[in-house]
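Nothing here was measured: the structure is a model prediction, and the numbers come from that model. Values reported hereafter were calculated over all heavy atoms of this structure, with side chains retained and with hydrogens, waters and symmetry mates removed. Both ligands and their constituent atoms are indexed starting at 1 by order of listing. Throughout, numbering of the chain's residues begins at 1 and tracks the sequence.
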Amino acid sequence: MLTVALAKGRTVDDLMPLWRSAGLPAPDDLDDTRALVFEIPHDSFGTLRMLLAKPADVPAYVSLGVADLGVAGKDVLLESGRDVYELLDLGVAKCRLCVAGRPAEQASRPRRVATKYPRLADAYFRRFGQPVEIVGLSGSIELAAVIGLADRIFDLVQSGATLRANGLVVFDEVLDISARLIANRSSFRMKRPMIDIIWNSLDQEVRTRAASQ
Ligand SMILES: Nc1ncnc2c1ncn2[C@@H]1O[C@H](COP(=O)(O)OP(=O)(O)OP(=O)(O)O)[C@@H](O)[C@H]1O
Ligand SMILES: O=P(O)(O)OC[C@H]1O[C@H](OP(=O)(O)OP(=O)(O)O)[C@H](O)[C@@H]1O
């Protein structure tokens, strides 16, 4: 048996076309069920078990060994600080981690930063020697800048539509983000042949896509 923890929502939605065109098995009803565990009988794995987890929890599932593999954004991997192997940049669920705020605040010294990524935000502002207060929020981060809870937000930007709709602008682009294939360290040793099937299939498909762009 091989267990894969997938970040539900955007990540798994973007991943599944890649996963399927890589020839890997997936349940037909992944999109329209409330189930969180799927078991697929498979010649090479015995059973391939897929878990749909909250994105921020995937690194914990993998590092603690209840999942052998995982797929999660680079943002949540870095923020978690979990000790896992990062095997592959899957090139899906792409966005950028940015510092943003109201245009009028751009020239002022940052004081209070709202974010879902307190560790990464703290490290970023420390690099500039700027002591800031970090306000940890769990979503709709832009709201904090709009209503003046914070003078900076440290958040993901993809199309920029959310920033535009709220009158905010990017002050700095911190990091390119995409979904990554990760592995539990001991599974990587003990279940390497099964892991290789998934790793190699996805790697091949990522390369094929990159070559056709
Ligand atoms: N606008 C976006 N465009 C592309 N990828 C994104 C975007 N926002 C987030 N992501 C990526 O998708 C991952 C999951 O984002 P999503 O918005 O589905 O989850 P979430 O809001 O953290 O979930 P939840 O609220 O259920 O905990 C993020 O960790 C990031 O890697
Ligand atoms: O640049 P855009 O294409 O507008 O995408 C960026 C938005 O997407 C994410 O939010 P999400 O939709 O996950 O909602 P959340 O803030 O409640 O997590 C992110 O936190 C931004 O708010």
Side-chain angles (χ1 to χ4, degrees), residues 4-19 26 30-37 50-63 67 69-82 84 86-103 105 112-121 123-124 134-183 202 206 209 213:
V4 186
L6 303 172
K8 65 179 181 174
R10 231 181 224 119
T11 309
V12 79
D13 293 348
D14 271 21
L15 171 72
M16 273 305 128
L18 177 78
W19 184 272
L30 197 67
D31 294 338
D32 41 51
T33 164
R34 296 288 297 161
L36 299 173
V37 181
M50 297 171 98
L51 314 178
L52 286 185
K54 280 285 251 193
D57 297 339
V58 168
Y61 280 84
V62 174
S63 72
L69 290 175
V71 174
K74 183 71 177 174
D75 50 328
V76 299
L77 291 182
L78 289 173
E79 180 66 20
S80 77
R82 291 276 180 180
V84 294
E86 185 180 314
L87 302 182
L88 183 62
D89 181 344
L90 295 160
V92 296
K94 284 177 154 183
C95 51
R96 286 158 291 137
L97 194 52
C98 293
V99 178
R102 287 186 292 182
E105 307 268 20
R112 203 192 255 174
V113 182
T115 186
K116 276 206 282 197
Y117 308 98
R119 284 165 52 118
L120 296 180
Y124 171 86
I134 306 281
V135 182
L137 298 177
S138 50
S140 300
I141 307 299
E142 293 82 0
L143 181 60
V146 173
I147 58 150
L149 170 65
D151 50 77
R152 299 285 189 280
I153 59 168
F154 186 90
D155 194 23
L156 301 175
V157 178
Q158 196 252 325
S159 64
T162 313
L163 290 183
R164 274 194 301 280
N166 291 287
L168 305 175
V169 293
V170 172
F171 294 171
D172 191 19
E173 296 190 355
V174 179
L175 195 64
D176 286 330
I177 300 293
S178 53
R180 308 297 162 106
L181 178 69
I182 58 172
L202 289 171
V206 168
R209 284 185 172 203
Q213 272 168 9

Check your understanding: So which heavy atom in the protein is nearest atom 2 (P) of ligand 2, and how far is it from that ligand atom?
Key -> S159 OG, 3.4 Å
Point to revise | Proximal atoms of ligand 1 relative to Q158 (non-hydrogen, under 4.0 Å) | key: 1 (N), 2 (C), 3 (N), 4 (C)
Practice item. Give the single entry among E142, R96, Q158 that approaches atom 1 (O) of ligand 2 most closely by any heavy atom. Key: Q158
Point to revise | V71 to A179 - nearest heavy-atom pair and separation | key: CG1-CB, 4.1 Å
Point to revise | From CA spacing to verdict: side-chain hydrogen bond (donor to acceptor under 3.5 Å, both in side chains), T162, R164 | key: CA-CA 5 Å; T162 313; R164 274 194 301 280; over 6 Å; no
Practice item. Can you sort out which atoms of ligand 1 are near A93, meaning under 4.0 Å from one of its heavy atoms? Key: 5 (N)
Point to revise | G73 neighbourhood, listing ligand 1 atoms whose heavy-atom distance to it stays under 4.0 Å | key: 31 (O)
Exercise for review: Go through ligand 2 atom by atom and flag the ones less than 4.0 Å from a non-hydrogen atom of D155.
Suggested key: 19 (C), 20 (O), 21 (C), 22 (O)
Check your understanding: Which ligand 2 atoms, with their elements, are less than 4.0 angstrom from a heavy-atom of V157?
Key -> 1 (O)
Practice item. Among all protein heavy atoms, pick the one closest to atom 25 (O) of ligand 1 and tell me residue, atom and distance. Key: K54 NZ, 4.0 Å
Exercise for review: Could you check if a side-chain atom of I182 sits within less than 4.5 angstrom of a side-chain atom of L77, using non-hydrogen atoms only?
Suggested key: yes
Practice item. Answer yes or no: does an N/O atom from D75 fall short of 3.5 Å to an N/O atom of ligand 1? Key: yes
Revision key, fill the gap. In this structure, atom 19 (O) of ligand 1 is nearest to the protein heavy atom P55 CG, 3.6 Å
Review point. Can you tell me which residue and heavy atom of the protein come closest to atom 13 (O) of ligand 2, and the distance to 0.1 Å?
Key: R10 NH1, 2.9 Å
Revision key, fill the gap. In this structure, atom 13 (C) of ligand 1 is nearest to the protein heavy atom T11 OG1, 3.3 Å
Point to revise | Distance (rounded to the nearest 0.5 Å) between I153 CD1 and L137 CG | key: 10.0 Å
Review point. Can you tell me how far CZ of R82 sits from OG of S63, rounded to the nearest 0.5 angstrom?
Key: 4.0 Å
Check your understanding: Tell me, do L97 and D155 make a side-chain contact under 4.5 Å, heavy atoms counted?
Key -> no
Check your understanding: So, E79 and K116, do they make that salt bridge, N to O below 4.0 Å?
Key -> no
**Study point:** Distance from atom 4 (C) of ligand 1 to nearest protein heavy atom, with residue and atom
**Key:** K94 O, 3.4 Å
Exercise for review: Look at atom 21 (O) of ligand 1 and say which protein heavy atom is nearest, naming residue and atom and giving the distance to 0.1 Å.
Suggested key: K116 NZ, 3.3 Å
Point to revise | Closer than 4.0 Å: a protein non-hydrogen atom to atom 15 (P) of ligand 2 | key: yes
**Study point:** Any K74 heavy atom less than 4.0 Å from ligand 1
**Key:** no
Check your understanding: Going by heavy atoms, is A7 under 4.0 Å from ligand 1?
Key -> no
Point to revise | Audit row: V58, V76, side chain to side chain contact (heavy atoms under 4.5 Å, CB included) steps and yes/no | key: CA-CA 8 Å; V58 168; V76 299; 5.7 Å; no
Revision key, fill the gap. Here the atoms of ligand 1 under 4.0 Å from any heavy atom belonging to I177 are 31 (O)
Check your understanding: Which of the numbered atoms in ligand 1 are below 4.0 angstrom from a heavy atom of V76?
Key -> 29 (O)
Practice item. Give the residue, atom name and distance (to 0.1 Å) of the protein heavy atom nearest atom 17 (O) of ligand 1. Key: R10 NH1, 2.7 Å
Exercise for review: Note the single closest protein heavy atom to atom 18 (O) of ligand 2, along with its residue, its atom name and the distance in Å.
Suggested key: K116 NZ, 3.1 Å
Check your understanding: Hey, are the side chains of M50 and L6 touching, using non-hydrogen atoms and a 4.5 Å cut-off?
Key -> yes
Review point. Considering only the protein, which heavy-atom contact is closest to atom 17 (O) of ligand 2, and what is its distance?
Key: S140 N, 3.2 Å
Review point. Below 4.5 Å, heavy atoms only, C-beta onward: do V135 and V113 meet side chain to side chain?
Key: no
Review point. Does D89 reach the main-chain N or O of G91 with its side chain, forming a donor-acceptor pair under 3.5 Å?
Key: yes
Study note, to complete from the structure: min-distance protein heavy atom vs atom 6 (C) of ligand 2 -> L156 O, 3.5 Å
Practice item. On the 0 to 90° scale, with breaks at 30° and 60°, tag the Y117-F154 ring pair as parallel, tilted or perpendicular. Key: perpendicular
Point to revise | Residue and atom name of the nearest protein heavy atom (relative to atom 9 (C) of ligand 1), distance in Å to one decimal | key: L156 CD1, 3.3 Å
Point to revise | Euclidean distance, D176 CG relative to K94 NZ, rounded to 0.5 Å | key: 8.0 Å
Check your understanding: Does R112 pair with D151 as a salt bridge, N-O distance under 4.0 Å?
Key -> no
Practice item. Please confirm whether G139 comes under 4.0 Å of ligand 1, counting heavy atoms of the residue only. Key: no
Review point. Listed by chain and number, what are the side chain to side chain contact (heavy atoms under 4.5 Å, CB included) partners of E173, not counting sequence neighbours?
Key: R96, C98, V170
Point to revise | Shortest protein contact, atom 4 (O) of ligand 2 (heavy atom only) | key: T162 OG1, 2.4 Å
